[in-house]
Amino acid sequence: MTLVVVLLTFNFISNVQSIVLIKTPKQYANDFAESLKFQTVSYDPSDLEHPVNYTEFSRFLSFLETKFPLVHSNLQKTLVSGYSLSFKWQGSVTSLKPLMIHGHYDVVPVTPFGWDYPPFNGTITNGYIYGRGAIDNKLIVMSALEAVEALLFSGYSPKRTVYLNFGHDEEIGGPNGHKKISAMFAAQNVRAEMIIDEGNPIMAPGFLPGLTTTTVALGLFEKGYLYYNLTVNSAGGHGAMPPHESAIGILSKALIALEKNQFAPIEGISTLNGLVALFPPEVVKNNLYLESMTKTTTAVTMTRAGTKPNVIANQAVAWVNHRIIRGQNVSYVYDKVVEIINDTRVIITVDAGMEPSPYTDPNTQSFKLVKKSLKAVYGDDTNVVPSMMFANTDTRWYWNITDNIFRVMPVVGVYDDLATIHGYNEKISITGYVKAIKFYKKLILKLNICNGQGNPTNNQINNSDPDLADCDC
Ligand SMILES: *[C@@H]1O[C@H](CO)[C@@H](O)[C@H](O)[C@H]1NC(C)=O
Ligand SMILES: *[C@@H]1O[C@H](CO)[C@@H](O)[C@H](O)[C@H]1NC(C)=O
Ligand SMILES: *[C@@H]1O[C@H](CO)[C@@H](O)[C@H](O)[C@H]1NC(C)=O
Ligand SMILES: *[C@@H]1O[C@H](CO)[C@@H](O)[C@H](O)[C@H]1NC(C)=O
Ligand SMILES: *[C@@H]1O[C@H](CO)[C@@H](O)[C@H](O)[C@H]1NC(C)=O
Ligand SMILES: *[C@@H]1O[C@H](CO)[C@@H](O)[C@H](O)[C@H]1NC(C)=O
Ligand SMILES: *[C@@H]1O[C@H](CO)[C@@H](O)[C@H](O)[C@H]1NC(C)=O
Ligand SMILES: [Zn+2]
């Protein structure tokens, strides 16, 4: 008992310091580069040639233990499905709902060509760190852990519980990672104030035509999807005596009909999506990134038919991928497809479907705090607009856990960087990486200082630190 009191007093007196980052940018970069060397690649379970190498995943988890000793000794760690991580940093005020910071450390496979530096070497050159996962999504995992490590080093203890939840299979849909973490929270009746997960990268000026300021399209919602294949069977026959219509011909007509009869942009999308609202309709129509945000898209992704140049195919198959905009839904799109194809010889077999996500209300304190945290780190002139995440994320598993889901990749990029995320030469600047750390640090502090608490003080630390005395809520 006495010992405890002595320790507390000691803390109170000696730990008067501001919350600073504890490594130099170079050291942060080196540690991040090291994290990119682990080949934590997710392969589709149907890809029998490429089993997932879980040894690499285990080695990555051990690496985290050595790099983040304070996180591992102060937070409660739960390993889910063997490889996914949930860290709980208990807050002192249990009536405050938790903040959850989400990411994933699995990555997509690499194409061997096109890389200026090997994808799993973590090469640092000219101020950039190269490697698969540099953005998607070891960026979030590593920078959020660095932020908490720095806060712990300063002796900070939160009022609001903070969770760091990192999946290991997002790139194949998260069936064992975030789906199971979410089930764990549901079983414990945990409801979060907000979840922040990966999303659109922050847009540098010029990212889109006419964009003059740094802009964050903060993802408040994402699309649903419908994937199916179209199959046409026919009797086949000899190439010298062809039937009037072949399986390939019938299928081709269906595909052309789908491409010609695209889904129209939906009414009122610019009130939901402030990014679309920034541009004149002509610009939106002629930019694939913006246009995709206005409507359900149609993409023919794969076809297969025939075995020989002189033999008529018995079967022709095509795969089609729709991303469904908010306001429409799976059954609406399916019915529309049947109507457009208008040919019962074309058999539609659904592979997968998901409804569009709920919409996070931008008129909340949580939205404001994320926005202010972004502006604090990326500049006060940064324009943060309510928007849509262009792809799907593991947040699909959390619709029941919170009303407030935000999606953003805390890195400023140009349009061409988008292609590197699942392509080649994925990279981040050292300064960009350090900003991500500052962003999560700021967000954690904001969510502790604000949201009705209004009290910036924490007994153990220096209240003149600008981050801690930040009452701009
Ligand atoms: C408190 O924080 C301010 C601002 O960061 C700093 O200038 C000052 O040195 C700190 N005081 C102590 C005692 O650490
Ligand atoms: C899996 O990774 C380990 C190193 O983590 C390596 O030694 C092993 O060869 C890899 N296995 C395969 C099948 O590539
Ligand atoms: C791999 O990374 C190391 C350490 O950063 C670096 O010295 C080396 O040049 C890199 N190799 C290549 C081929 O990029
Ligand atoms: C699906 O969307 C259509 C078109 O917006 C709408 O008429 C229908 O009510 C929706 N159905 C469901 C189940 O939400
Ligand atoms: C659908 O196909 C039938 C013939 O199979 C044709 O009579 C009808 O006009 C078509 N409907 C549309 C909307 O094109
Ligand atoms: C079409 O999709 C279904 C459902 O995923 C699948 O069972 C079937 O094998 C696919 N068809 C072909 C020809 O691959
Ligand atoms: C969310 O809750 C609904 C209603 O209880 C349930 O049907 C659904 O399966 C839940 N979703 C998830 C992802 O757990
Ligand atoms: Zn990702």
Side-chain angles (χ1 to χ4, degrees), residues 26-39 44-47 80 100 102 110 112-134 165 167 173-192 195 197 222 224-234 247-248 250-251 254 300-307 313-322 330 334 337 346-358 392-403 405 424-428 430 433:
K26 181 80 186 134
Q27 287 169 325
Y28 278 127
N30 283 339
D31 286 347
F32 186 49
E34 206 177 329
S35 80
L36 303 180
K37 292 182 178 174
F38 299 93
Q39 304 195 20
D44 199 274
S46 67
D47 183 354
V80 177
M100 295 185 177
H102 286 192
V110 296
F113 308 108
W115 288 86
D116 291 342
Y117 304 99
F120 295 109
N121 186 59
T123 304
I124 302 177
T125 180
N126 291 326
Y128 279 84
I129 310 154
Y130 279 75
R132 171 58 83 236
N165 299 316
N176 296 309
H178 271 294
K179 181 180 181 182
K180 297 288 165 65
I181 300 174
S182 157
M184 176 180 85
F185 291 137
Q188 297 168 357
N189 281 318
V190 173
R191 291 270 307 165
I195 291 174
D197 203 334
E222 55 192 75
Y225 56 76
L226 177 62
Y227 303 152
Y228 54 83
N229 58 45
L230 299 175
T231 306
V232 179
N233 297 306
S234 85
I248 294 174
I250 295 165
L251 179 69
V300 178
T301 54
M302 195 163 68
T303 60
R304 198 172 64 208
T307 51
N314 289 107
Q315 191 180 63
V317 191
W319 280 261
V320 183
N321 183 314
H322 298 280
V330 172
Y334 183 89
V337 165
V346 180
I347 301 157
I348 307 173
T349 311
V350 172
D351 290 320
M354 183 176 75
E355 299 295 352
S357 78
N392 287 122
T393 68
D394 264 338
T395 59
R396 78 187 72 188
W397 305 114
Y398 291 87
W399 298 351
N400 288 351
I401 303 295
T402 183
D403 293 333
I405 298 181
Y424 54 85
N425 282 338
E426 188 175 349
K427 62 182 177 302
I428 187 170
I430 295 175
Y433 178 64

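When a ligand or atom number is given, it counts from 1 through the structure's own listing order. Bear in mind that the values here come from a model prediction, so they are computed numbers and not experimental data.
- With respect to Arg191 and Asp403, a salt bridge is recorded, a charged nitrogen being found less than 4.0 Å from a carboxylate O.
- Each of Ile124, Leu36, Asn425, Asn121 was compared with Tyr130 under the side chain to side chain contact (heavy atoms under 4.5 Å, CB included) criterion, and only Asn425 meets it.
- At least one protein heavy atom sits closer than 4.0 Å to atom 11 (N) of ligand 7.
- Under a 4.0 Å criterion applied to the non-hydrogen atoms of Trp319, ligand 6 contributes the atoms 12 (C), 14 (O).
- In terms of protein heavy atoms, atom 1 (C) of ligand 6 is closest to Asn229 ND2, 1.4 Å.
- Of the possible polar contacts, none joining the Glu426 side chain to the Arg132 backbone as a donor-acceptor pair under 3.5 Å is found.
- Heavy-atom contacts of Thr349 reach the following atoms of ligand 6: 2 (O), 3 (C), 4 (C) (cutoff under 4.0 Å).
- Heavy-atom neighbours of Phe185 CZ from other residues, nucleotides or ligands within 6.0 Å: above the threshold of 12.
- When only modelled atom types and interatomic distance are considered, Thr395 and Glu222 share a side-chain donor-acceptor pair under 3.5 Å.
- Near Tyr117, with a cut-off below 4.0 Å to any heavy atom, the atoms of ligand 3 are 14 (O).
- Closest to atom 4 (C) of ligand 6, if we only count protein heavy atoms, is Asp351 OD1, 3.0 Å.
- For ligand 6, the atoms lying closer than 4.0 Å to a non-hydrogen atom of Arg304 are 13 (C), 14 (O).
- For ligand 6, the atoms lying closer than 4.0 Å to a non-hydrogen atom of Val317 are 13 (C).
- Comparing Asn121, Thr123, Asn30, Asp116 by heavy-atom distance to atom 3 (C) of ligand 3, the nearest is Asn121.
- For the pair Thr123 (side chain) and Tyr117 (backbone), a donor-acceptor distance under 3.5 Å is absent.
- Closest to atom 5 (O) of ligand 7 among all protein heavy atoms lies Asn400 ND2, 4.7 Å.
- At the top of the distance list for atom 13 (C) of ligand 3, counting protein heavy atoms only, stands Pro118 CD, 3.5 Å.
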Query - Residues Tyr227, His322; criterion ring-ring contact (aromatic ring centres under 6.0 Å, His included); working and verdict - result: CA-CA 6 Å; Tyr227 303 152; His322 298 280; 9.2 Å; no
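- For the side chain to side chain contact (heavy atoms under 4.5 Å, CB included) with Val317, the lone residue among Asn229, Leu230, Thr349 that qualifies is Asn229.
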